[in-house]
Amino acid sequence: MRKLIKTGVPTLLLLTLVVSGCSFGSNKAMQEMDTPQINYVDEGEALGEETELIGSEEQPIEEQAETEEGSVETVTRELYLIDQNGMVVSQTFDLPKTQGVLRQSLEYLVDGGPVSNLLPSGFQAVLPAGTEVDVHYKEDDRIAIADFSEEFKSYNPEQELQILQSITWTLTQFENVDKVQIRINGYEQETMPVGNTPIGEGYSRANGINLEKSEVADVVNSKGVTLYFLAQNGDNTYYVPVTRRVKNTDDSINEVVNQLLAGPSIYSDLLTDIRNGAELLDSPKYENGVVTLNFNEAILNQMENTAISNEVLNLIVLSLTEQPGVEKVAIQVNGEAKVLKVSGEPLTEPVSRPVNVNTGKF
């Protein structure tokens with residue numbers, strides 16, 4: 001495998017977060033809270049065509065679908081874990097198919113739980129051992145309420161932000177879920193229980209992941225953009241999302257590309273496969289969900305200068321499809337649309353975002 005590039009702009013980790021709100025526990029606890037009535041939806045009742053996605057939380061996790069041959073049927077899910085650098089990163093696994101997919105996804109984040117035999121080298125589960133999980137779904141608000149047992153409070157305070165991000169990004173992989181709230185034993189939490197991070201009325205992907213802070217000092221007139229860079233553990237290379245604050249602009253697509261070309265923070269261990277000198281020759285063009293980018297030749301493979309590497313293509317597509325409305329990316333070089341991939345195949349069609357990231361089959 002060729003050497004990846006360590007480049008980038010200086011950034012500092014941002015330790016400020018926003019808000020979220022939360023449910024679990026016994027009926028007694030719920031009654032003691034004296035909160036307004038909420039109409040919860042069991043996963044099996046949810047959202048018409050998306051019912052298969054959400055399944056019923058009332059079914060025990062052990063009730064798994066079996067094939068005619070008796071083997072357990074599996075489905076592909078993303079779990080956001082913590083890597084050896086303390087970054088929150090998705091890893092994709094084939095999990096037993098069950099009707100309670102929201103609860104199952106969180107149970108696979110518990111240390112010592114069913115994820116233990118699946119963890120890639122350098123990765124760890126994020127929820128404290130022994131944590132029990134329940135999930136409620138608020139259909140009207142598209143909110144998943146993650147409800148944890150008392151064991152949830154025993155995590156390392158230095159990992160509080162990572163845990164909050166992991167829970168949020170794991171649950172919002174499902175199309176029905178836009179926001180996550182957290183409760184402990186049925187009680188709403190105004191802050192996280194150990195480090196007191198505010199979690200208010202809901203937490204979403206808009207709050208960011210692996211937060212960086214750029215040199216932009218004006219928080220009011222800046223915004224967060226999520227970029228993807230590379231990390232390496234032995235022979236394993238994988239994609240890591242980071243959220244960086246940038247100046248507000250009407251051309252978010254151009255800003256994302258420029259930040260991606262600038263590279264990862266010099267204070268991080270992240271890498272890029274995009275060469276120094278790569279730049280856009282024209283402003284990005286957007287039409288019907290497709291962004292067209294025209295680069296100079298420096299965007300091509302470092303060694304042969306004839307094809308675009310899979311890593312470069314993936315970094316661009318993953319970063320741009322985090323932007324609202326962007327579904328596909330088309331690449332041109334010097335105005336020519338006939339760009340080769342390293343496999344020798346022409347890149348004839350715009351590239352869409354993969355359903356799952358870091359599968360080993362990207």
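This chain uses plain numbering: 1 for the first residue, then up along the sequence.
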With a 3.5 Å distance limit and no angle check, can you tell me whether [X] reaches the backbone of [Y] through a side-chain donor-acceptor pair?
| X | Y | value |
| --- | --- | --- |
| Gln189 | Tyr187 | yes |
| Asn156 | Glu158 | yes |
| Arg103 | Val135 | no |
| Asn233 | Asn236 | no |
| Ser166 | Tyr80 | yes |
| Ser116 | Gly113 | yes |
| Asn254 | Asp251 | no |
| Asn296 | Leu280 | no |
| Thr272 | Phe229 | no |

Could you check whether any side-chain heavy atom of [X] comes within less than 4.5 Å of a side-chain heavy atom of [Y], counting everything from C-beta outward?
| X | Y | value |
| --- | --- | --- |
| Phe152 | Met192 | yes |
| Val290 | Glu287 | no |
| Pro96 | Gln104 | yes |
| Thr306 | Leu300 | no |
| Ile143 | Val180 | no |
| Lys338 | Pro346 | no |
| Pro198 | Tyr203 | no |
| Phe295 | Gln332 | no |

Kindly give the heavy-atom pair with the smallest separation between [X] and [Y], and that separation in Å.
| X | Y | value |
| --- | --- | --- |
| Leu81 | Ala125 | CD2-CA, 4.3 Å |
| Val88 | Pro241 | O-CD, 3.9 Å |
| Leu79 | Ser105 | CD2-O, 3.6 Å |
| Ala146 | Ile167 | CB-CG2, 4.4 Å |
| Val194 | Pro157 | CG1-CB, 3.5 Å |
| Ile184 | Ser149 | CG2-O, 4.0 Å |

Are a donor atom and an acceptor atom from the side chains of [X] and [Y] found within less than 3.5 Å of each other?
| X | Y | result |
| --- | --- | --- |
| Asn358 | Thr92 | no |
| Asp83 | Tyr238 | yes |
| Tyr239 | Asn314 | yes |
| Thr226 | Thr243 | yes |
| Ser309 | Asp273 | yes |
| Asn294 | Asp282 | yes |
| Arg205 | Thr172 | yes |
| Gln173 | Arg77 | no |
| Thr197 | Glu160 | yes |
| Asn334 | Glu297 | yes |
| Tyr267 | Glu212 | no |

Honestly curious: do [X] and [Y] fall in one hydrophobic cluster under the side-chain, below-4.5 Å linking rule?
| X | Y | value |
| --- | --- | --- |
| Tyr286 | Val329 | yes |
| Leu340 | Leu293 | no |
| Val75 | Val101 | no |

When rounded to the nearest 0.5 angstrom, what distance separates [atom1] in [X] from [atom2] in [Y]?
| X | Y | atom1 | atom2 | value |
| --- | --- | --- | --- | --- |
| Leu119 | Ser121 | CG | OG | 10.0 Å |
| Gln91 | Leu118 | CD | CG | 11.0 Å |
| Asp269 | Asn85 | CG | CG | 4.5 Å |
| Thr74 | Asp94 | OG1 | CG | 4.5 Å |
| Met87 | Gln165 | CE | CD | 9.0 Å |
| Glu311 | Ile308 | CD | CD1 | 10.5 Å |

Test log, rule side-chain contact (heavy atoms from CB on, under 4.5 Å), inputs Glu78 and Val357: CA-CA 8 Å; Glu78 286 187 334; Val357 183; 3.9 Å; yes
Under the side-chain contact (heavy atoms from CB on, under 4.5 Å) test, residues paired with Thr321 that sit two or more places apart: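 Partners of Thr321 by the side-chain contact (heavy atoms from CB on, under 4.5 Å) criterion, ordered by chain and then number, come out as Val317, Val326, Arg353.
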Arg142/Glu139 salt bridge by N-O under 4.0 Å criterion: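 Looking at Glu139 and Arg142, the cut-off is not met.
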side-chain contact (heavy atoms from CB on, under 4.5 Å) evaluation trace for Leu106 with Phe148: CA-CA 10 Å; Leu106 292 188; Phe148 300 104; 4.1 Å; yes
Residue Lys223 excluded, over 12 heavy atoms near NZ under 6.0 Å: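 Above 12, so yes.
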Derivation of the side-chain contact (heavy atoms from CB on, under 4.5 Å) call for Ile163 and Leu127: CA-CA 7 Å; Ile163 290 170; Leu127 300 180; 4.0 Å; yes
Chi angles and distances behind the side-chain contact (heavy atoms from CB on, under 4.5 Å) call for Ser222, Lys247: CA-CA 4 Å; Ser222 64; Lys247 293 180 180 179; 5.6 Å; no
